[in-house]
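Contents: one structure, followed by commentary.
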Amino acid sequence: SADRASSLACARMLASRAHAETPPRRAAAHCEAGGEPWDRQMLGRIGEVLRECKSKIQDTREERLELAAQRALVAETLGELELDYQRMNADLASLERELREQRANEARNTRRSRSAAWSSHEGHGSHSGPIACDGVLDPRGNPAAL
């Protein structure tokens with residue numbers, strides 16, 4: 001189909017070139033003299049144009065094969081990238097889950113230590129100021145007070 005279309009295009013080009021390169025008077029003179037030199041010249045030109053057409057068709061086939069190979073490589077690379085992306089998303093989800101669990105554990109531990117500190121100070125008399133909790137620090141790094 002594509003080769004047939006290329007062949008037809010080459011044949012049209014051949015006919016137009018052959019006609020354009022042979023002036024009518026010269027062609028008529030050769031035909032009157034037996035036509036043989038003009039026919040040889042025309043056949044030579046036709047052969048030359050056919051070789052050009054075949055070369056173009058072959059180049060087109062090679063280009064198509066090269067493009068197909070490039071497309072296959074791109075498709076393979078995209079597939080690998082997609083798998084890497086999916087793995088990365090799974091790793092990120094796992095890290096987010098671990099981070100939430102760690103924050104929840106830290107919050108439980110902080111509540112326990114505050115509760116333990118509060119319990120240890122109960123019954124020790126009255127305090128006029130806030131009670132300092134051992135090991136619990138405020139955002140500035142100072143001992144936290146209840």
Side-chain angles (χ1 to χ4, degrees), residues 1-24 26-27 30-31 35-146:
S1 60
D3 292 340
R4 183 171 164 76
S6 295
S7 296
L8 289 174
C10 284
R12 285 187 197 116
M13 181 178 66
L14 169 71
S16 66
R17 281 187 184 176
H19 182 71
E21 292 177 4
T22 308
R26 191 168 140 201
H30 283 292
C31 287
E36 194 174 317
W38 183 81
D39 290 340
R40 278 191 218 147
Q41 183 182 19
M42 181 65 90
L43 288 175
R45 183 68 186 140
I46 289 170
E48 182 182 321
V49 172
L50 283 175
R51 282 189 294 280
E52 287 178 29
C53 289
K54 286 179 183 178
S55 174
K56 287 179 183 178
I57 290 170
Q58 182 62 32
D59 291 347
T60 302
R61 285 181 187 148
E62 290 171 2
E63 288 171 0
R64 273 190 267 151
L65 290 174
E66 184 178 332
L67 283 174
Q70 288 176 354
R71 283 185 195 130
L73 180 62
V74 167
E76 182 181 338
T77 302
L78 285 174
E80 291 172 3
L81 288 172
E82 184 177 10
L83 290 175
D84 289 346
Y85 182 76
Q86 289 171 351
R87 282 188 214 114
M88 188 175 57
N89 279 339
D91 291 345
L92 180 61
S94 175
L95 287 172
E96 287 175 339
R97 191 172 39 256
E98 288 177 24
L99 181 60
R100 279 193 302 270
E101 290 171 4
Q102 184 64 30
R103 285 180 178 163
N105 287 338
E106 286 180 18
R108 278 193 297 272
N109 290 339
T110 302
R111 282 192 299 269
R112 283 184 194 147
S113 65
R114 283 186 182 164
S115 177
W118 183 259
S119 297
S120 68
H121 291 290
E122 286 182 356
H124 286 89
S126 63
H127 292 281
S128 61
I131 302 171
C133 297
D134 295 333
V136 179
L137 303 176
D138 67 9
R140 292 185 191 143
N142 301 320
L146 294 178

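Keep in mind that this is a model prediction, so the values were computed, not measured.
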Gap separating the [atom1] atom of [X] from the [atom2] atom of [Y], nearest 0.5 angstrom:
X: Q102; Y: L95; atom1: CD; atom2: CG; value: 12.5 Å
X: R103; Y: L99; atom1: CZ; atom2: CG; value: 4.0 Å
X: R45; Y: L43; atom1: CZ; atom2: CG; value: 13.0 Å

**Q.** Exam field: side chain S55 to backbone R51, donor-acceptor pair closer than 3.5 Å
**A.**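 Pair absent, no side-chain N/O of S55 close to backbone of R51.
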
Q. Is there a donor-acceptor pair under 3.5 Å between the side chain of T77 and the backbone N or O of L73?
A.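 Pair found, side chain donor or acceptor close to backbone of L73.
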
(Q) Going by side chain to side chain donor-acceptor pair (under 3.5 Å), Q58 matches just one of E62, K54, K56. Which one? (A)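 It is E62, the one option of E62, K54, K56 that forms the side chain to side chain donor-acceptor pair (under 3.5 Å) with Q58.
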
Q. Can you list every pair that meets salt bridge (Lys or Arg N to Asp or Glu O under 4.0 Å) and has a residue in residues 75-84, with sequence neighbours left out?
A.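 Residue pairs passing salt bridge (Lys or Arg N to Asp or Glu O under 4.0 Å), neighbours aside: D84-R87.
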
